[in-house]
Engineer: 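Below is one structure. I have some questions about it.
All values derive from a computational prediction rather than experimental measurement. Order of appearance sets the numbers: ligands from 1, and atoms from 1 within every ligand.
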Amino acid sequence: MRVDQLSGRGAVVTGGGGGIGRSIALALADQGMDVVLADVELESAERVRDEIRGLGRHAIAVRTDVSDLADVSALADVSFKAFGDIAVLVNNAGVTWRPYRASWDASIEDFAWIMSVNFWGVLHGHRAFAPHMGRSGSPAHIVNTASRAVLQPIPGHAAYTASKAAVEGFSMAVRAEYAAAGLEIGVTVLFPGPVRTDFASSERLRSAADRAEAREVVPWTSYTRGGTVPTGADSAQAIDPETVGPMVVDAIVQDRPYVLTHPLPEHVTERARLLGAAASGR
Ligand SMILES: NC(=O)c1ccc[n+]([C@@H]2O[C@H](COP(=O)([O-])OP(=O)(O)OC[C@H]3O[C@@H](n4cnc5c(N)ncnc54)[C@H](O)[C@@H]3O)[C@@H](O)[C@H]2O)c1
């Protein structure tokens with residue numbers, strides 16, 4: 001279901017205070033949308049709010065922890081009250097751990113923290129917003145940020161890869177549900193490859209006692225004799241976040257299920273080949 005009009009309608013971007021979220025928020029404002037910037041770091045959301053106001057659009061910043069359903073429900077109340085009609089929701093807030101660490105060395109708290117933001121944050125967004133979206137009679141759209149890690153698994157990053165695979169699976173099931181139920185809400189999954197942002201410092205957002213630097217963490221590189229470290233924002237393939245926003249706007253307008261910021265990883269082709277072989281019993 002295509003969103004035929006963005007201009008003059010409301011959008012909400014979680015993790016809108018930085019990097020990719022900021023880029024998407026600015027691109028939506030560039031289409032004439034009014035934007036709610038939701039971020040656990042209020043000051044950064046306020047900075048982007050001011051940038052968007054500078055473009056002549058309405059914008060508000062709301063401190064929101066997406067891992068908390070009550071926070072996201074409050075965000076929905078504030079957003080609908082501010083702009084009446086929310087046509088676009090971007091569930092983009094996400095976190096990662098550093099150093100990369102083996103699944104057997106990561107704590108259960110490490111896994112719970114990553115899942116609570118990356119997967120539950122997306123679920124909370126759907127629960128709080130979807131029942132009220134498209135109520136103006138015009139189609140609406142939800143974008144959920146996953147990662148290329150789903151298409152090309154990263155050793156030392158199992159919780160992150162699992163959380164983003166959950167985002168993809170949930171998004172595609174919900175996209176099919178909305179269509180089958182006749183709800184005019186499209187769903188897109190964004191798979192960013194490496195993008196130059198502050199993402200690697202996510203653990204600053206954890207409680208002091210919970211942070212990696214407060215305890216001994218065995219780095220993944222100790223198993224690879226200092227060898228390959230997964231590709232990150234510092235890799236040669238890294239792109240600037242500014243390029244991502246327009247790709248997302250295009251996918252919303254075209255109701256595309258997927259956005260890839262980088263070429264398709266070879267792993268996807270190999271996976272299809274192995275699945276095909278398995279299906280034919282070879
Ligand atoms: N940068 C990359 O290379 C890359 C690659 C693949 C996927 N991604 C995904 O892109 C999304 C955006 O990441 P980014 O690279 O722009 O990083 P970033 O750190 O610059 O931006 C993430 C934003 O989310 C906010 N945030 C973190 N936890 C939150 C919470 N609990 N509630 C609300 N806000 C919270 C942060 O304050 C920050 O403003 C994430 O979902 C990330 O997993 C990034």
Engineer: What about Asn118: any of its N or O atoms under 3.5 Å from an N or O on ligand 1?
Structural biologist: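 There is no such contact.
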
Engineer: Can you find an N/O atom of Thr197 closer than 3.5 Å to an N/O atom of ligand 1?
Structural biologist: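 Among all N and O atoms of Thr197, at least one is under 3.5 Å from an N or O of ligand 1.
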
Engineer: Strictly under 4.0 Å, does any heavy atom of Arg196 approach an atom of ligand 1?
Structural biologist: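 No, Arg196 has no heavy atoms under 4.0 Å from ligand 1.
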
Engineer: With a 4.0 Å heavy-atom cut-off (strictly under), which part of Ile20 contacts ligand 1: side chain, backbone, both or neither?
Structural biologist: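 Within the 4.0 Å criterion, Ile20 contacts ligand 1 through backbone and side-chain atoms alike.
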
Engineer: Once you round to the nearest 0.5 Å, how far does CZ of Arg215 lie from CG of Asp110?
Structural biologist: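 So the CZ of Arg215 and the CG of Asp110 are separated by 4.5 Å.
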
Engineer: In this structure, does ligand 1 have an atom that sits under 4.0 Å from one of the heavy atoms of Thr14?
Structural biologist: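 It does not, in that no heavy atom of Thr14 comes within the 4.0 Å cut-off of ligand 1.
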
Engineer: Do other residues, nucleotides or ligands put more than 12 heavy atoms under 6.0 Å from His58 NE2?
Structural biologist: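 Not more than 12 within 6.0 Å, no.
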
Engineer: Does ligand 1 have a heavy atom under 4.0 Å from the side chain of Arg148, from its backbone, from both, or from neither?
Structural biologist: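 Looking at Arg148 and ligand 1, no heavy atom falls under 4.0 Å.
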
Engineer: Looking at Trp120 versus Phe170, is the centre-to-centre ring distance below 6.0 Å?
Structural biologist: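 Not under 6.0 Å, so no.
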
Engineer: Compare Asn144, Asn91, Asn92, Leu37 and give the one whose heavy atom is closest to atom 41 (O) of ligand 1.
Structural biologist: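 Shortest heavy-atom distance from atom 41 (O) of ligand 1: Asn92.
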
Engineer: Which of the atoms of ligand 1 are close to Tyr160, meaning less than 4.0 Å from one of its heavy atoms?
Structural biologist: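 Going through ligand 1 atom by atom, the ones under 4.0 Å from Tyr160 are 6 (C), 7 (C), 8 (N), 9 (C), 42 (C), 43 (O).
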
Engineer: Check Val88, Asp34, Ile86, Val3 against Arg9 for a side chain to side chain contact (heavy atoms under 4.5 Å, CB included) and give me the one that passes.
Structural biologist: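 It is Val3, the one option of Val88, Asp34, Ile86, Val3 that forms the side chain to side chain contact (heavy atoms under 4.5 Å, CB included) with Arg9.
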
Engineer: Going by the order shown, which atoms of ligand 1 are within less than 4.0 Å of some heavy atom of Asp65?
Structural biologist: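 Those atoms are 30 (C), 31 (N), 32 (N).
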
Engineer: Counting only heavy atoms not in Leu275 (residues, nucleotides, ligands), do more than 12 fall under 6.0 Å from its CG?
Structural biologist: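 Check passes, neighbour count above 12.
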
Engineer: For Arg127, does the CZ atom sit with more than 12 other heavy atoms under 6.0 Å from it, leaving out its own atoms?
Structural biologist: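 Count not over threshold, so no.
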
Engineer: So between Trp120, Phe191, Phe199, whose heavy atom ends up nearest atom 17 (O) of ligand 1?
Structural biologist: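 It is Phe199 whose heavy atom sits nearest to atom 17 (O) of ligand 1.
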
Engineer: Find all atoms of ligand 1 within a distance of less than 4.0 Å from any non-hydrogen atom belonging to Thr145, and give their numbers and elements.
Structural biologist: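 Near Thr145, meaning under 4.0 Å from one of its heavy atoms, ligand 1 has 9 (C), 10 (O), 11 (C), 41 (O).
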
Engineer: First locate atom CD of Glu168, then atom OH of Tyr258, and finally report the distance between them rounded to the nearest 0.5 Å.
Structural biologist: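 That separation rounds to 5.0 Å.
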
Engineer: Check whether any N or O atom of Ser67, backbone or side chain, sits under 3.5 Å from an N or O atom of ligand 1, and answer yes or no.
Structural biologist: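 No.
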
Engineer: Closer than 4.0 Å to some heavy atom of Thr64 - which atoms of ligand 1 meet that?
Structural biologist: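 It comes down to these atoms of ligand 1: 32 (N), 33 (C).
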
Engineer: Heavy-atom distance under 4.5 Å between the side chains of Asp39 and Thr64, does that happen here?
Structural biologist: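 When only atoms from C-beta onward are counted, Thr64 and Asp39 do not touch, as no gap falls below 4.5 Å.
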
Engineer: Check ligand 1 against Gly15 and write out every atom of the ligand that is under 4.0 Å from a heavy-atom position of the residue.
Structural biologist: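 That gives atoms 23 (C), 24 (O), 25 (C) of ligand 1.
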
Engineer: Do you know the tightest heavy-atom contact between Ser23 and Gly245?
Structural biologist: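 Here Ser23 and Gly245 meet closest at OG-N, 2.8 Å.
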
Engineer: Examine distances only and state if a side-chain atom of Arg204 and a backbone atom of Ser201 form a donor-acceptor pair shorter than 3.5 Å.
Structural biologist: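 Flag set: sc Arg204 to bb Ser201 pair under 3.5 Å.
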
Engineer: With a 4.0 Å cut-off on heavy atoms, does Pro194 reach ligand 1?
Structural biologist: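 Yes; Pro194 lies near enough to ligand 1 that a heavy-atom distance drops under 4.0 Å.
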
Engineer: Is the Tyr223 to Trp220 ring centre distance short of 6.0 Å?
Structural biologist: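 Yes; Trp220 has its ring centre under 6.0 Å from that of Tyr223.
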
Engineer: Rounded to the nearest 0.5 Å, how far does CD1 of Ile52 lie from CE of Met33?
Structural biologist: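 The CE atom of Met33 sits 11.0 Å away from the CD1 atom of Ile52.
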
Engineer: Is Gly16 close enough to touch ligand 1? Criterion: a residue heavy atom under 4.0 Å from a ligand atom.
Structural biologist: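 The answer is no: ligand 1 sits nowhere under 4.0 Å from a heavy atom of Gly16.
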
Engineer: Pick whichever of Asp198, Val40, Val195 has a heavy atom sitting closest to atom 1 (N) of ligand 1.
Structural biologist: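 Of the listed residues, Val195 has the closest heavy atom.
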
Engineer: Does an N or O anywhere in Ser202 fall below 3.5 Å from an N or O of ligand 1?
Structural biologist: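 N/O-N/O distance under 3.5 Å: no.
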
Engineer: If you measure from CG on Leu89 to CD1 on Ile185, what distance do you get to the nearest 0.5 Å?
Structural biologist: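 Leu89 CG to Ile185 CD1: 9.5 Å, rounded to 0.5 Å.
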
Engineer: What atoms in ligand 1 come closer than 4.0 Å to a heavy atom of Val95?
Structural biologist: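 Answer, ordered by atom number: 27 (C), 28 (N).
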
Engineer: May I ask you to list the atoms of ligand 1 that are less than 4.0 angstrom from any heavy atom of Val117?
Structural biologist: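 Near Val117, the atoms of ligand 1 are 28 (N), 31 (N).
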
Engineer: When you compare ligand 1 with Gly21, is there at least one nitrogen or oxygen pair between them that comes in under 3.5 angstrom?
Structural biologist: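 Looking only at distances, the answer is no, because the N/O contact criterion of under 3.5 Å is not met.
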
Engineer: Taking only heavy atoms of Gly19 into account, list the atoms of ligand 1 that are under 4.0 Å away from them.
Structural biologist: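 What qualifies from ligand 1 is 16 (O), 20 (O).
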
Engineer: Among the heavy atoms of Ala146, does any lie under 4.0 Å from an atom of ligand 1?
Structural biologist: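 Distance cut 4.0 Å: Ala146 passes for ligand 1.
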
Engineer: Under a 3.5 Å distance rule, please check whether Ser44 uses its side chain to pair with a backbone N or O of Gly18 as donor and acceptor.
Structural biologist: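 No, because the side chain of Ser44 does not come within donor-acceptor range (under 3.5 Å) of the backbone of Gly18.
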
